[in-house]
Amino acid sequence: MKLFYHPIYSQLALPAHHRFPISKYQRLYDKVCANDELSAYLETCCAPPASLEQINLVHEPIYVQQFLDGCLESKAQKRIGFPYSEELVKRTLQSVGNTIGAAKEALSSGFAINLGGGYHHAFADYGSGYCIFNDAAIAARCLVNEQRVDKVLIVDLDVHQGDGSAAILAHDEDIITLSLHAEQNFPRLKQHSDYDFALQKGCGDEHYLETLAQALNLVIRLHTPDLIIYNAGADVVHEDELGVLSLTLEGVLARDKMVMNSALQHHIPLACVLGGGYQRNVNGVIEAHWQLLRAAHQCYGEK
């Protein structure tokens, strides 16, 4: 199994007490490397940074160039949530490139993970909620344009609706968007995914997993995708400070295994991205994200 990663994911200088747990990527990768059983199945690799041509497939060129040049208006930069820096540009391009790489690897071997990505709040002409360029939409459109696939399904299980993905792909019949999210969470104004499953505050493991099973069965049966890109947001746990759902770690593991087993059952390649997770206790964030690696080992480790 290939794990796409770059140290630049955590090499972003942020103001003191910034809300985003930027250290989680390096610490999660270190935990992978320290686990002999898991690391034996994983090969770390890195794809080229995303190109301007790839990003412009789904984003407005003016917005793209303004971000790359550091010319966004202060209000637009503030909406993203990160201060502009050259490191932010390099990190963004690398992370999007690794999602493209993971998607291509999944088509080749059946499965891959980008230990970053999940920038589903990025719209065509602006960034939002720590998301600058929409990596899943870019990767899906790249593969469709290259005629590697006919149909891509984006399964977004972050606690927050994938509003940017929904808006960008609203009229794209080749890329299907499925979002299972908390109704009372950011963003306040929801977009229309192809399939939206809004859950109420406090939703726990049982109802969540029942809803997910129904959603996956419906969408896979109707669309028979050639590839699934899975946003495995870890902000669905009860302890998350920016989410209002109440999954346990066991529930997150069951969720991730359900997505993987659905892909395996239907012989669909699966590329995973990390998504969100927001706890002041970074160890708690890492444990929530860790369930994705556990699920990968249990579902794909001996395949």
Between [Y] and [X], is there a side-chain heavy-atom distance shorter than 4.5 Å?
{"X": "Leu14", "Y": "Pro83", "answer": "yes"}
{"X": "Pro187", "Y": "Gln161", "answer": "yes"}
{"X": "Tyr208", "Y": "Asp205", "answer": "no"}
{"X": "Cys131", "Y": "Ile80", "answer": "no"}
{"X": "Val152", "Y": "Val149", "answer": "yes"}
{"X": "Val144", "Y": "Asp150", "answer": "no"}
{"X": "Leu115", "Y": "Asn98", "answer": "no"}
{"X": "Leu28", "Y": "Leu274", "answer": "yes"}

Please work out which of the three classes, parallel, tilted or perpendicular, describes the rings of Tyr130 and Phe20, given edges at 30° and 60°.
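Judged by the thresholds at 30° and 60°, the geometry between Phe20 and Tyr130 is perpendicular.
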
Look at the rings of Phe133 and Phe67 and say which category their plane angle falls in: under 30° parallel, 30 to 60° tilted, over 60° perpendicular.
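Phe133 vs Phe67 ring planes: perpendicular.
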
How long is the straight-line distance from [atom2] of [Y] back to [atom1] of [X], given to the nearest 0.5 Å?
{"X": "Gln291", "Y": "Glu250", "atom1": "CD", "atom2": "CD", "answer": "7.5 Å"}
{"X": "Gln191", "Y": "His121", "atom1": "CD", "atom2": "NE2", "answer": "11.5 Å"}
{"X": "Asn134", "Y": "Ile154", "atom1": "CG", "atom2": "CD1", "answer": "6.5 Å"}
{"X": "Thr99", "Y": "Asn114", "atom1": "OG1", "atom2": "CG", "answer": "4.0 Å"}
{"X": "Ser23", "Y": "Leu12", "atom1": "OG", "atom2": "CG", "answer": "11.5 Å"}
{"X": "Leu153", "Y": "Leu227", "atom1": "CG", "atom2": "CG", "answer": "8.5 Å"}

Would Lys151 and Ile176 satisfy side chain to side chain contact (heavy atoms under 4.5 Å, CB included), going step by step from the backbone distance to the final call?
CA-CA 8 Å; Lys151 188 83 65 176; Ile176 308 302; 4.0 Å; yes

Qualifying residue, where the test is side-chain contact (heavy atoms from CB on, under 4.5 Å) with Leu157 and the options are Asn231, Val236, Leu212:
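Testing Leu157 for a side-chain contact (heavy atoms from CB on, under 4.5 Å) against Asn231, Val236, Leu212 leaves exactly one candidate, Leu212.
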
Hydrophobic cluster identity match, [X] and [Y], side-chain contacts under 4.5 Å:
{"X": "Met258", "Y": "Leu222", "value": "yes"}
{"X": "Leu245", "Y": "Leu253", "value": "no"}
{"X": "Met1", "Y": "Phe4", "value": "no"}
{"X": "Leu270", "Y": "Leu178", "value": "yes"}
{"X": "Leu88", "Y": "Phe123", "value": "no"}

Nearest heavy atoms of [X] and [Y], plus distance in Å:
{"X": "Ser165", "Y": "Thr177", "result": "O-CG2, 4.1 Å"}
{"X": "Met260", "Y": "Cys272", "result": "CE-SG, 4.4 Å"}
{"X": "Asn185", "Y": "Gly243", "result": "OD1-CA, 3.4 Å"}
{"X": "Arg91", "Y": "Tyr119", "result": "NH1-OH, 4.1 Å"}
{"X": "Val159", "Y": "Val244", "result": "CG2-N, 4.2 Å"}
{"X": "Gly116", "Y": "Tyr25", "result": "CA-CE2, 3.9 Å"}

With salt bridge (Lys or Arg N to Asp or Glu O under 4.0 Å) as the rule and sequence neighbours excluded, what pairs involving residues 118-144 come up?
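Counting only pairs at least two positions apart or across chains, the salt bridge (Lys or Arg N to Asp or Glu O under 4.0 Å) contacts touching residues 118-144 are Arg141-Asp172, Arg141-Asp174.
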
Evaluate side chain to side chain contact (heavy atoms under 4.5 Å, CB included) for Lys31 paired with Arg27, printing each intermediate quantity in order.
CA-CA 6 Å; Lys31 183 177 175 72; Arg27 292 173 65 173; over 6 Å; no

Would you confirm whether [X], through its side chain, and [Y], through its main-chain N or O, come within 3.5 Å as a donor-acceptor pair?
{"X": "Asp240", "Y": "Tyr278", "answer": "yes"}
{"X": "Glu183", "Y": "Gln200", "answer": "no"}
{"X": "Gln26", "Y": "Tyr9", "answer": "no"}
{"X": "His160", "Y": "Leu242", "answer": "yes"}
{"X": "Tyr63", "Y": "Gly127", "answer": "yes"}
{"X": "Asn35", "Y": "Leu38", "answer": "yes"}
{"X": "His266", "Y": "Ile268", "answer": "no"}

If the threshold is 4.0 Å, N to carboxylate O, is there a salt bridge linking Lys75 and Glu73?
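No, no charged N to carboxylate O under 4.0 Å.
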
Any Lys/Arg nitrogen of Lys104 or Glu146 sitting under 4.0 Å from an Asp/Glu carboxylate oxygen of the other?
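Result for this pair is yes, salt bridge flagged.
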
Take atom CD of Glu206 as the centre, draw a 6.0 Å sphere, and report whether it contains more than 12 heavy atoms from other residues, nucleotides or ligands.
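Atom CD in Glu206 is not packed in, count stays at 12 or less.
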
Quick check on Lys90: does its NZ atom have over 12 non-hydrogen neighbours (other residues, nucleotides or ligands) under 6.0 Å away?
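Check fails, neighbour count at 12 or below.
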
Hey, do the aromatic rings of Phe82 and His18 have their centres closer than 6.0 Å?
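Yes - the distance between ring centres of Phe82 and His18 falls below the 6.0 Å cut-off.
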
After noting the C-alpha distance and the side-chain angles of Leu292 and Tyr230, does the key distance pass the side chain to side chain contact (heavy atoms under 4.5 Å, CB included) rule?
CA-CA 11 Å; Leu292 179 68; Tyr230 171 38; 4.1 Å; yes

Chi angles and distances behind the side chain to side chain contact (heavy atoms under 4.5 Å, CB included) call for His181, Asp196:
CA-CA 8 Å; His181 56 268; Asp196 282 304; 3.4 Å; yes

Examine the side chains of [X] and [Y] and answer whether a donor and an acceptor come within less than 3.5 Å of each other.
{"X": "Asp69", "Y": "Gln65", "value": "yes"}
{"X": "Glu287", "Y": "Asn283", "value": "no"}
{"X": "Ser179", "Y": "Asp156", "value": "no"}
{"X": "Tyr195", "Y": "His223", "value": "yes"}

Please set out all donor-acceptor pairs under 3.5 angstrom arising from side-chain atoms of residues 42-49, sequence neighbours excluded.
unit_1	atom_1	unit_2	atom_2	d
Thr44	OG1	Tyr29	OH	3.1

